[in-house]
Trainee: 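Here you go, one structure.
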Amino acid sequence: EAHFNEEVKSCFESAFALEYDKETIAELHYTYAFINDAKLKQFDIARQEYQLLMTDFASSFWAEQAKMALEVLGKSDEEILATFKAKNNL
């Protein structure tokens with residue numbers, strides 16, 4: 001598993017180095033964060049990437065997506081649903 005995590009990181013680092021469009025770079029950071037969050041369960045890495053988006057790419061569409069993702073980071077579907085119900089008085 002650790003080897004796979006390193007391969008994912010390496011692939012994204014290569015992509016970051018090759019891309020110059022700021023919005024595309026932001027999307028790559030979001031995708032990397034999401035993979036670490038939802039698939040690899042590497043929540044610390046995901047949190048760092050989401051926070052980076054909110055600071056370094058604050059005007060990006062992906063910064064708003066990162067903000068929402070941070071609210072549910074590491075939570076199960078049931079926990080997310082319960083939070084949604086509580087916020088919306090359902």
Side-chain angles (χ1 to χ4, degrees):
E1 183 177 308
H3 178 69
F4 180 73
N5 293 351
E6 284 302 314
E7 283 188 41
V8 169
K9 180 180 178 183
S10 177
C11 288
F12 275 92
E13 286 174 346
S14 295
F16 296 142
L18 294 171
E19 186 55 58
Y20 295 100
D21 178 68
K22 191 166 181 165
E23 191 66 16
T24 303
I25 294 170
E27 183 178 3
L28 286 168
H29 277 285
Y30 182 85
T31 304
Y32 180 56
F34 180 80
I35 290 170
N36 278 283
D37 176 3
K39 301 296 180 192
L40 301 177
K41 307 300 183 203
Q42 298 290 320
F43 302 122
D44 288 341
I45 295 170
R47 181 177 291 106
Q48 289 173 345
E49 289 293 316
Y50 289 141
Q51 290 172 336
L52 177 120
L53 281 160
M54 292 170 54
T55 57
D56 293 5
F57 300 90
S59 63
S60 169
F61 165 81
W62 299 104
E64 185 61 32
Q65 299 302 305
K67 181 180 176 184
M68 291 186 290
L70 275 170
E71 292 177 10
V72 297
L73 182 67
K75 293 183 180 179
S76 69
D77 291 344
E78 293 79 18
E79 291 170 313
I80 294 168
L81 182 59
T83 301
F84 175 80
K85 286 181 176 180
K87 282 185 178 180
N88 293 287
N89 297 320
L90 300 175

Trainee: With a 3.5 Å distance limit and no angle check, can you tell me whether D37 reaches the backbone of A33 through a side-chain donor-acceptor pair?
Mentor: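 No; judged by distance alone, with no hydrogens or angles, the pair does not exist.
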Trainee: Please find the pair of heavy atoms, one from Y30 and one from A66, that lie closest to each other, and give the distance.
Mentor: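 That would be CE1-N, 3.9 Å.
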Trainee: Using the side chain to side chain donor-acceptor pair (under 3.5 Å) definition, which of the options E23, Q65, H29 pairs with S60?
Mentor: E23
Trainee: Counting C-beta onward and ignoring hydrogens, is there a side-chain heavy-atom pair between L81 and K85 closer than 4.5 Å?
Mentor: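 A side-chain contact exists here, since the closest heavy-atom pair is under 4.5 Å.
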Trainee: With E27, which of F57, W62, Y32 fulfils side-chain contact (heavy atoms from CB on, under 4.5 Å)?
Mentor: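 The passing option is W62.
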Trainee: What's the separation between atom CD in Q48 and atom CG in D44, rounded to the nearest 0.5 Å?
Mentor: 6.5 Å
Trainee: Supply the atom-to-atom distance Q42 CD to K9 NZ, rounded to the nearest 0.5 angstrom.
Mentor: 11.0 Å
Trainee: Just how far is it from atom OG1 of T31 to atom CG of N36, taken to the nearest 0.5 Å?
Mentor: 11.0 Å
Trainee: Mind checking whether M54 and L70 have side chains closer than 4.5 Å, heavy atoms only?
Mentor: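 Counting from C-beta outward, M54 and L70 do come under 4.5 Å.
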Trainee: Do you reckon F34 sits in the same ILVMFWY cluster as I80, going by side-chain contacts under 4.5 Å, direct or chained?
Mentor: no
Trainee: Quick check: is F43 connected to L53 through a chain of hydrophobic side chains (ILVMFWY, heavy atoms under 4.5 Å apart)?
Mentor: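 Yes.
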Trainee: Using 0.5 Å steps for rounding, measure from the NZ atom of K22 to the CG atom of D56.
Mentor: 7.0 Å
Trainee: How many angstroms lie between atom CD1 of I35 and atom CG of L40, to the nearest 0.5 angstrom?
Mentor: 7.0 Å
